[in-house]
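Counting convention: from 1, in listed order, for ligands and their atoms alike.
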Amino acid sequence: MAIIDGKKLAEDCRAQLKQMVVSLSYVPVLAVVSVGDDKASKIYVRNKEKAAAEVGIKCDVYSFPEAVFQKELESLIIRLNQDKTVHGIIVQQPLPKSIDGGVLLDFISAEKDVDGFGVLNAGRLLLNEKGGIVAATPKGILRMLEATGEPLVGKHAVIIGRSKIVGRPLAALLLNQHCTVTVAHSKTQNLPEICRTADILIAACGQPKMVKKNWVKKGAVVIDVGINRDENGKICGDVDFDDVVDIAKFISPVPGGVGPMTVAMLLENTVQTSLVQTKEN
Ligand code: NAD
C-alpha cells in the first residue's frame, strides 16, 4: 500500500506555478465572490488567498452579506468580465438560498470561469473538446491518479457521487482517459458490490467513513474526496481510511489528499487562462 500525498503534489505544483508567474510581465488576478457567513466557505476562501499569495497570484475577495441582492452580484460579475486586469472569477460555494448560483455562473465569461463549472466549459469537457477549463477537483484527482504511475486505459473507475462540481466532471474526465466509468449515487442499488468491481474507486458523496474494507477490491486505487466531521468532530473523508488502507494499492488521505490539489489546480487554471487572455503563451 502507498499513500497518495496530495499535500506534496500540491506543493510541487505551486512551486512550478510560482516559477512561471515570476517570468510574466503582469500579475495574474483571481476574483473570488463570497456571500454570507458560512464557516467552511470562509476557510476555503482563506486557503485560496494564502495559496495564491504564495504563487504570486493576486486574489481579490469580494465579500457580501447574506442579504445581498442577486442583481448586485450579477453586476459585479459583468464588471469583472470586462476588467482586463482580472483573469479568473469564481463564486465560492455554498451560497445562501436566496442566491441562484446557477444563474450567477452563467454570467461568468467562459474564459474567466476558472472553476470550470459554467455550461460551456462543462460541455467542452463532456464532449472531450480542447480549449475548455477543467474543474479543479476532478483535474487534481486526475493528477493524483497519474502520480501513482498506474495506467488508466481500460480500467474500471467507480465514482460515488454525481454532483456538478465533482462526480459529473470527473466521470467525463476519466472517460476521456479511456476508463470504463460507473457513476453511483444516493439511489444506486448494491453499492458495495459495484464498488468491489472498481480498479479505481473515488468517493465523493459527503458520507463520513462510508466506504469500508469489504467495498474495495484488493489492489484498487482509492481516492477520497469527502470532507466531513467524524463523531469526535475530527475532519474525515468518505472512506474509512484505517479499515481500507491495507487492501488498497494506493489511497489518498483526508486531510492532505484531494483538498490541497483542488486549490493548486484552481491556481493553475488561473495562470493558464491568464496566458490565453494576455497572449503571453
Ligand atoms: P453533493 O452533496 O453535491 O453531492 C453528493 C453526491 O453523493 C450526490 O450525487 C449524492 O447522490 C451522492 N450520495 C450521497 N449519499 C450517498 C450514499 N449514501 N450513497 C451513494 N451516494 C450518495 O457533494 P459534493 O459537492 O460533490 O461533495 C462531496 C464531498 O466531497 C463532500 O464531503 C464535500 O465536502 C467534498 N468535496 C471536497 C472537495 C475537495 O477539494 N477535497 C471539493 C468538493 C467537494
Participant: Select the closest option to atom 22 (C) of ligand 1 among Ser186, Pro260, Cys195, Gly257, judged by heavy-atom distance.
Facilitator: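 The option holding the nearest heavy atom is Ser186.
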
Participant: What do you think, any protein heavy atom under 4.0 angstrom from atom 2 (O) of ligand 1?
Facilitator: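 When distances to the protein are checked, atom 2 (O) of ligand 1 has no heavy atom within 4.0 Å.
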
Participant: Can a salt bridge be assigned to the pair Asp243 and Lys213 using a cut-off of 4.0 Å between side-chain N and carboxylate O?
Facilitator: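 A salt bridge is absent here (no side-chain N lies under 4.0 Å from a carboxylate O).
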
Participant: Under the 3.5 angstrom rule, does the side chain of Lys42 hit a backbone N or O of Gly36 as a donor-acceptor pair?
Facilitator: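 The answer is yes, because a donor-acceptor pair under 3.5 Å joins these two groups.
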
Participant: Taking side chain to side chain contact (heavy atoms under 4.5 Å, CB included) as the criterion, tell me which of Ile160, Val211, Leu174 meets it with Ile202.
Facilitator: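 For Ile202, the side chain to side chain contact (heavy atoms under 4.5 Å, CB included) test succeeds with only one of Ile160, Val211, Leu174, which is Leu174.
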
Participant: Looking only at atom types and distance, does a side-chain atom of Asn176 sit under 3.5 Å from a main-chain N or O of Leu125, one as donor and one as acceptor?
Facilitator: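 Checking the backbone N and O of Leu125 against the side chain of Asn176, a donor-acceptor pair under 3.5 Å is found.
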
Participant: Distance under 4.0 Å to a non-hydrogen atom of Gly226: what atoms of ligand 1 satisfy this?
Facilitator: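 Those atoms are 29 (C), 30 (O), 32 (O), 35 (C).
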
Participant: For ligand 1, which atoms sit closer than 4.0 Å to a heavy atom of Ile165?
Facilitator: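 Per the distance check, 25 (O), 43 (C).
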
Participant: So, Glu74 and Lys71, do they make that salt bridge, N to O below 4.0 Å?
Facilitator: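 A salt bridge links Glu74 with Lys71.
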
Participant: What protein heavy atom sits nearest atom 42 (C) of ligand 1, and how far away is it?
Facilitator: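 Looking only at protein heavy atoms, the one closest to atom 42 (C) of ligand 1 is Thr137 OG1, 3.5 Å.
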
Participant: With a 4.0 Å cut-off on heavy atoms, is Gly259 in contact with ligand 1?
Facilitator: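 Per 4.0 Å heavy-atom rule, Gly259 contacts ligand 1.
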
Participant: With side chain to side chain donor-acceptor pair (under 3.5 Å) as the test, would you mind laying out the steps for Gln92 and Lys48 before giving the verdict?
Facilitator: CA-CA 10 Å; Gln92 184 61 46; Lys48 286 170 188 173; 2.6 Å; yes

Participant: Any idea which protein heavy atom is nearest atom 8 (C) of ligand 1, and the distance to it?
Facilitator: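 For atom 8 (C) of ligand 1, the nearest protein heavy atom is Arg162 N, 4.0 Å.
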
Participant: Hey, which atoms in ligand 1 end up nearer than 4.0 Å to a heavy atom of Ile160?
Facilitator: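 Counting atoms of ligand 1 from 1, those under 4.0 Å from Ile160 are 20 (C), 21 (N).
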
Participant: Is there a donor-acceptor contact under 3.5 Å from the side chain of His156 to the main chain of Thr197?
Facilitator: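 Yes, His156 side chain to Thr197 backbone: donor-acceptor pair under 3.5 Å.
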
Participant: If the threshold is 4.0 Å, N to carboxylate O, is there a salt bridge linking Arg79 and Asp83?
Facilitator: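 So Arg79 does not pair with Asp83 through a salt bridge.
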
Participant: Of all the non-hydrogen atoms in the protein, which one sits nearest to atom 4 (O) of ligand 1, and at what distance?
Facilitator: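 Here the closest protein heavy atom is Ser163 CB, 3.8 Å.
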
Participant: I'd like to know if Met210 contacts ligand 1, where contact means a heavy-atom distance under 4.0 Å to any ligand atom.
Facilitator: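 Yes.
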
Participant: Val166 versus ligand 1: do any nitrogen or oxygen atoms come within less than 3.5 Å of each other?
Facilitator: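 The answer is no, given that Val166 and ligand 1 share no N or O pair closer than 3.5 Å.
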
Participant: Which of the numbered atoms in ligand 1 are below 4.0 angstrom from a heavy atom of Asn228?
Facilitator: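 Within the 4.0 Å cut-off of Asn228, ligand 1 contributes 32 (O).
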
Participant: Of all the atoms in ligand 1, which lie at a distance below 4.0 Å from a heavy atom belonging to Gly206?
Facilitator: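 Near Gly206, the atoms of ligand 1 are 28 (C), 29 (C), 31 (C), 32 (O).
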
Participant: Regarding ligand 1, does Tyr44 bring an N or O atom to under 3.5 Å of one of the ligand's N or O atoms?
Facilitator: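 Tyr44 vs ligand 1: no N/O contact under 3.5 Å.
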
Participant: Is there a side chain to side chain donor-acceptor pair (under 3.5 Å) between Ser23 and Gln19 once you walk through the steps?
Facilitator: CA-CA 7 Å; Ser23 70; Gln19 262 189 356; over 6 Å; no

Participant: Judged on heavy-atom distance to atom 6 (C) of ligand 1, which of Gly161, Ala136, Ala203, Gly140 sits nearest?
Facilitator: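 Checking each option, the heavy atom nearest atom 6 (C) of ligand 1 is found in Gly161.
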
Participant: Look only at the side chain of Arg196 and the backbone of Asn214, and say whether a donor-acceptor pair between them is shorter than 3.5 Å.
Facilitator: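 Yes, Arg196 side chain to Asn214 backbone: donor-acceptor pair under 3.5 Å.
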
Participant: Report, in ascending order of atom number, the atoms of ligand 1 lying under 4.0 Å from any heavy atom of Thr262.
Facilitator: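 In order of number, 39 (C), 40 (O).
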
Participant: Does atom CD of Glu66 have more than 12 heavy-atom neighbours, drawn from other residues, nucleotides or ligands, at distances under 6.0 Å?
Facilitator: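 No, because the 6.0 Å sphere around CD of Glu66 holds 12 heavy atoms or fewer from other groups.
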
Participant: Say whether Ala204 and ligand 1 are in contact under the criterion: heavy-atom distance to a ligand atom below 4.0 Å.
Facilitator: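 Yes, Ala204 has heavy atoms under 4.0 Å from ligand 1.
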
Participant: Given the protein's heavy atoms, is any one of them under 4.0 Å from atom 27 (O) of ligand 1?
Facilitator: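 Under 4.0 Å from atom 27 (O) of ligand 1, zero protein heavy atoms found.
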
Participant: Decide side chain to side chain donor-acceptor pair (under 3.5 Å) for Ser34 and Tyr62; before the verdict, give the C-alpha distance in whole Å, the side-chain angles of both, and the deciding distance to 0.1 Å.
Facilitator: CA-CA 6 Å; Ser34 167; Tyr62 297 83; over 6 Å; no

Participant: Identify the protein heavy atom lying closest to atom 13 (N) of ligand 1, giving its residue, its atom name and the separation to 0.1 Å.
Facilitator: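 It is Cys205 CB, 3.6 Å.
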
Participant: Test salt bridge (charged side-chain N to carboxylate O under 4.0 Å, His left out) on Lys18 and Glu11 and set out the steps.
Facilitator: CA-CA 10 Å; Lys18 190 176 174 176; Glu11 269 168 26; over 6 Å; no

Participant: May I ask you to list the atoms of ligand 1 that are less than 4.0 angstrom from any heavy atom of Leu191?
Facilitator: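 Near Leu191, the atoms of ligand 1 are 19 (N), 20 (C).
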
Participant: Using a plain distance cutoff, I'd like to know if Asp238 has any nitrogen or oxygen under 3.5 Å from a nitrogen or oxygen of ligand 1.
Facilitator: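 It does not: no N or O of Asp238 is found under 3.5 Å from an N or O of ligand 1.
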
Participant: For ligand 1, indicate whether the residue Val225 contacts it via side chain, backbone, both or neither (heavy-atom separation under 4.0 Å).
Facilitator: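 Under 4.0 Å from ligand 1, Val225 contributes backbone and side-chain atoms.
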
Participant: Find all atoms of ligand 1 within a distance of less than 4.0 Å from any non-hydrogen atom belonging to His185, and give their numbers and elements.
Facilitator: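 Here the atoms of ligand 1 in question are 11 (O), 20 (C), 21 (N), 22 (C).
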
Participant: Select the closest option to atom 15 (N) of ligand 1 among Arg229, Lys187, Gln93, Gln207, judged by heavy-atom distance.
Facilitator: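 Shortest heavy-atom distance from atom 15 (N) of ligand 1: Gln207.
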
Participant: Indicate yes or no: does Lys58 engage Asp60 in a salt bridge with an N to O separation below 4.0 Å.
Facilitator: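 Judged by the 4.0 Å cut-off on N to carboxylate O distance, Lys58 and Asp60 do form a salt bridge.
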
Participant: Any salt bridge between Lys209 and Asp230, counting N to O under 4.0 Å?
Facilitator: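 Looking at Asp230 together with Lys209, the answer is yes, because their closest N to O distance falls below 4.0 Å.
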
Participant: Which protein heavy atom lies closest to atom 33 (C) of ligand 1, and at what distance to 0.1 Å?
Facilitator: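 The answer is Ile227 N, 4.1 Å.
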
